[in-house]
There are 2 protein chains.
Amino acid sequence: MGRKSIADIRRTELAQAAFEVLAEHGLQGTTLQRVAAHTGASKASVLHYYATKQALIEAALRKGNSTLREEAVLYMRLAQTPWERFYAIIEANFSPTTYLPRMAHGWVAMCAEVPHNPQFARLQRVIYRRLNGNLRSALIAVEPDADAAERGANMVSLLIDGIWLRLGMQVGGLSREEALDHLESHLAQRYGTTPERLAARARMAEVAATLAAKTV
Amino acid sequence: MGRKSIADIRRTELAQAAFEVLAEHGLQGTTLQRVAAHTGASKASVLHYYATKQALIEAALRKGNSTLREEAVLYMRLAQTPWERFYAIIEANFSPTTYLPRMAHGWVAMCAEVPHNPQFARLQRVIYRRLNGNLRSALIAVEPDADAAERGANMVSLLIDGIWLRLGMQVGGLSREEALDHLESHLAQRYGTTPERLAARARMAEVAATLAAKTV
DNA sequence: ATATTGACTGACCCGTGGGTCAATAAATGA
DNA sequence: TCATTTATTGACCCACGGGTCAGTCAATAT
């Protein structure tokens, strides 16, 4: 029953491979040939499962995104207070398993294509809305003014984007810890160093650590 | 004597055209054909002036960068206090003549190639260092702690990157005014609303306005 | 008038990448 | 056992993009 057909297996295999190739070689460098080679299959075989390159890339991005999303959900489930939910989002965005140069490469490559590819634009909008929405809904509980919360959420998401961009370029790239420190310094300025916030931060950091240990 | 040879004229023409095409169509879409068409010349003619596509793109980016730099220098020359120098940088980065979707497209396209192209990486490093250095040297005058100034500079440059990235993607894109507002809100949090800062901000905004009027 | 130089181009070459197709091999079912 | 689907592939096609080349044309120099 839970048996996956070969077709399904191949499809996810290929999507995974496509994502890895994309991360390593950029969009231009992601040829059907290379993706095929990466799984030991033939180019024609790739086309057999994905009628067009576009479809393959799309599946690859969707997969990468869903991986990230699942992790976020995992963190979110363990969060109880607003600040904990907030830090769940942060930790998810800087988790050791996703905050990696290759991931960032793939992401930036996609960003660059957004203006020329409606599919990418759509996906990007989804990601953006989810992140901003989550941040806002967490902040609105600690910052009564909805407008202020909106601004705060935007600021944080802008910082995250900037940090990821740098990771992708390896120019002024920040380590996971440096990235979190930067964010923390901003939060301290903006929201003061209340015990609740610090506790939430510590708690989610711990959650992240244990989850990371389990995954490895 | 200041007479420019046809060769020089053509070369800058082509670099300009290449930049425009790059901004509009992305790196993949920047073909010799298109650049040629954009100036009314033939593909072979383009190759006549730039032996290789790589060389052409490089010239295009160099030109785009120098345009931005010249504007920054212009602003900088009129700044007198540290905060004025700081806002000169900000205004230069959000000047109406440069803070444009097409510019951002070009920039993001370049960012995406950085991991695969040493030339781009080098150029990006130069840009990054200049921006960060300028910000830091301005901030160090208002924030005695060198480490804090470094952090502050980094934060601002991260925000700028994030904002530009969004402009390039037109996802959560901010208008010039919104962008400046966001930055202002961050600065207010971090450095308080001192009269000097506000005065400097107003002064450089005015400078920017008059310069913009002159250029148009 | 002629030689020389430099601007400019059409035609061509070649590699590559997306996509098609028909054929073969393996699995599945009747 | 035979039929029918399904997996997989090599060979091929076509378009396009970078780059070469030989040669035309106009300006300048002698």
Side-chain angles (χ1 to χ4, degrees), chain A residues 1-61 109-110 112-113 116-120, chain B residues 1 3-61 106 109-110 112-113 116-120:
Chain A
M1 40 180 179
R3 196 68 152 291
K4 274 180 130 180
S5 69
I6 290 188
D8 284 341
I9 296 175
R10 287 283 175 280
R11 283 179 68 88
T12 59
E13 246 178 41
L14 287 170
Q16 177 68 33
F19 188 84
E20 280 163 22
V21 171
L22 178 71
E24 189 167 353
H25 297 282
L27 227 205
Q28 287 179 283
T30 304
T31 80
L32 294 176
Q33 197 69 258
R34 241 202 277 262
V35 174
H38 202 268
T39 63
S42 70
K43 189 177 72 160
S45 194
V46 177
L47 267 325
H48 176 67
Y49 289 104
Y50 291 96
T52 142
K53 181 189 178 180
Q54 173 77 4
L56 172 64
I57 301 283
E58 216 178 296
L61 290 178
M110 176 179 137
E113 289 306 307
H116 313 296
N117 187 325
Q119 290 289 357
F120 287 6
Chain B
M1 43 174 184
R3 196 69 152 291
K4 274 180 131 180
S5 70
I6 290 187
D8 284 340
I9 295 174
R10 287 285 177 279
R11 284 179 66 88
T12 58
E13 246 178 40
L14 287 170
Q16 176 68 33
F19 188 84
E20 281 162 21
V21 172
L22 179 70
E24 189 168 352
H25 298 281
L27 227 205
Q28 288 179 282
T30 304
T31 84
L32 294 175
Q33 197 69 258
R34 244 202 274 261
V35 174
H38 202 269
T39 64
S42 70
K43 188 176 74 161
S45 193
V46 177
L47 269 324
H48 177 68
Y49 291 104
Y50 292 95
T52 142
K53 181 190 178 179
Q54 172 78 2
L56 172 64
I57 301 283
E58 218 178 295
L61 290 178
M110 177 178 135
E113 288 307 306
H116 315 295
N117 186 325
Q119 290 289 355
F120 287 7

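First the proteins, then the strands, lettered A, B, ... as listed; each starts at 1. Predicted model only: the values in this text are computed from it and were never measured.
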Tell me: CG of Leu14(B) to P of dC8(C), nearest whole Å? 9 Å

Nucleotide by nucleotide, 5' to 3', does protein get under 4.0 Å of the base (B), only the sugar-phosphate (S), or neither (-) in nucleotides 6-24 of chain D, counting heavy atoms? -SBBB------SBBB----

Under 3.5 Å donor-acceptor, Lys43(B) side chain and Ala37(B) backbone: no

Validation row: Gln28(B), His116(A) side chains within 4.5 angstrom (heavy atoms): no

Show me, pair by pair, the donor-acceptor contacts under 3.5 angstrom made by side chains of residues 18-26 of chain B, not counting sequence neighbours?
residue  : atom : partner  : partner atom : Å
Glu20(B) : OE2  : Gln16(B) : NE2          : 2.8

Taking OH from Tyr50(B) and C1' from dC8(C), how many angstroms apart are they, rounded to a whole number? 16 Å

Of all heavy-atom pairs linking Tyr50(A) and Arg11(A), the shortest is OH-O, 2.9 Å

Provide the closest heavy-atom pair for Arg34(B) versus Gly29(B) in the form atom of the first, atom of the second, distance. NE-O, 2.8 Å

